[in-house]
Q: 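I'd like to ask you about the structure that follows.
Computed over heavy atoms, backbone and side chain alike; hydrogens, waters and symmetry mates excluded. One-based numbering, in listed order, for ligands and for the atoms of each.
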Amino acid sequence: MAHKTEALFRDDAYLKTADATVVAINERGGIILDRTIFYATSGGQPGDVGTIERADGSRIAIAATMSGETKDEIIHVPAPEQATPALGERVKLAIDWERRHLLMRMHAACHLLTVVCPFPITGAAVSWDDSRVDFDAPDAGFTREEVTAGLMELVRADHPIFIRLITDEELAANPGLVKSKNVRPPVGTGKIRLVCIGDNALVDSQPCGGTHVKSTGEVGEIHIGKIEKKGRENRRFRIRFGSMPAA
Ligand SMILES: [Zn+2]
């Protein structure tokens with residue numbers, strides 16, 4: 001039976017620590033808790049790493065976090081040769097915050113890229129040092145200097161980034177909200193999580209379950225490392241941190 005883990009990061013992506021209770025250990029040693037701050041790999045964003053501190057103060061290193069049988073079940077995968085906590089044990093969670101914050105900045109940067117390049121999205125992968133978004137676009141029609149300038153304009157404007165929940169019906173009435181060509185947001189749960197940018201979401205809003213920083217200013221300096229041609233109809237944009245290296 002799949003467990004339902006309370007995903008604390010959905011309401012507050014800035015939680016670095018939390019208490020939780022062990023509810024199950026799966027057949028491969030994965031730890032399942034009643035609640036967690038560890039993001040599970042999904043939507044192109046890698047899962048968190050960190051530690052689970054046991055009641056006796058010893059620590060279990062967590063090497064990966066993923067979904068289980070259902071999206072609601074979150075599995076904390078220990079590094080090799082870690083102790084196994086007891087069922088019902090109270091534990092303290094700590095994520096690798098430095099890494100997660102880089103992922104939150106990068107993930108938000110990917111949203112900004114879809115504002116600057118308003119084409120259907122065919123794929124995306126967020127990483128802490130280099131992210132990519134693939135667009136269905138025969139020819140982007142602009143240079144990486146132009147796209148970088150557009151991104152940095154949004155960063156400097158320091159727009160708020162926030163979550164809004166809408167109903168399946170509201171989403172059905174606004175099909176333009178979905179920019180992804182292949183991935184449809186899950187419907188039927190009653191609520192869709194929209195990631196909104198700008199006052200009244202005037203800059204952008206799209207369904208997303210990931211973690212993002214709370215303002216575009218917090219993304220910081222970014223640039224387009226490369227625009228690659230991936231087939232006749234596809235362009236892959238790579239985002240990196242820092243200013244664009246001089247050519
Ligand atoms: Zn997102």
Q: Within 45 degrees of the ring normal and closer than 6.0 Å to the centroid, is that where the cationic atom of Arg235 sits relative to Phe119?
A: no
Q: Decide whether Thr70 and Asp72 meet the rule of one side-chain donor and one side-chain acceptor closer than 3.5 Å.
A: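 There is no such pair (donor and acceptor under 3.5 Å, judged by atom type) between the side chains of Thr70 and Asp72.
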Q: Take the angle between the ring planes of Trp97 and Tyr14 and call it parallel below 30°, perpendicular above 60°, tilted in between.
A: tilted
Q: Please state the angle at the Zn ion (ligand 1) spanned by NE2 of His212 and SG of Cys208: what is it, rounded to 10 degrees?
A: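 For NE2 of His212 and SG of Cys208, the angle centred on the Zn ion (ligand 1) reads 110°.
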Q: Can you tell me if His107 has an N, O or S atom under 2.8 Å away from the Zn ion (ligand 1)?
A: yes
Q: Under 3.5 Å, is there a donor on one side chain and an acceptor on the other for Asp134 and Thr122?
A: no
Q: Quick one: report the N, O or S atom of His111 that is nearest to the Zn ion (ligand 1).
A: NE2
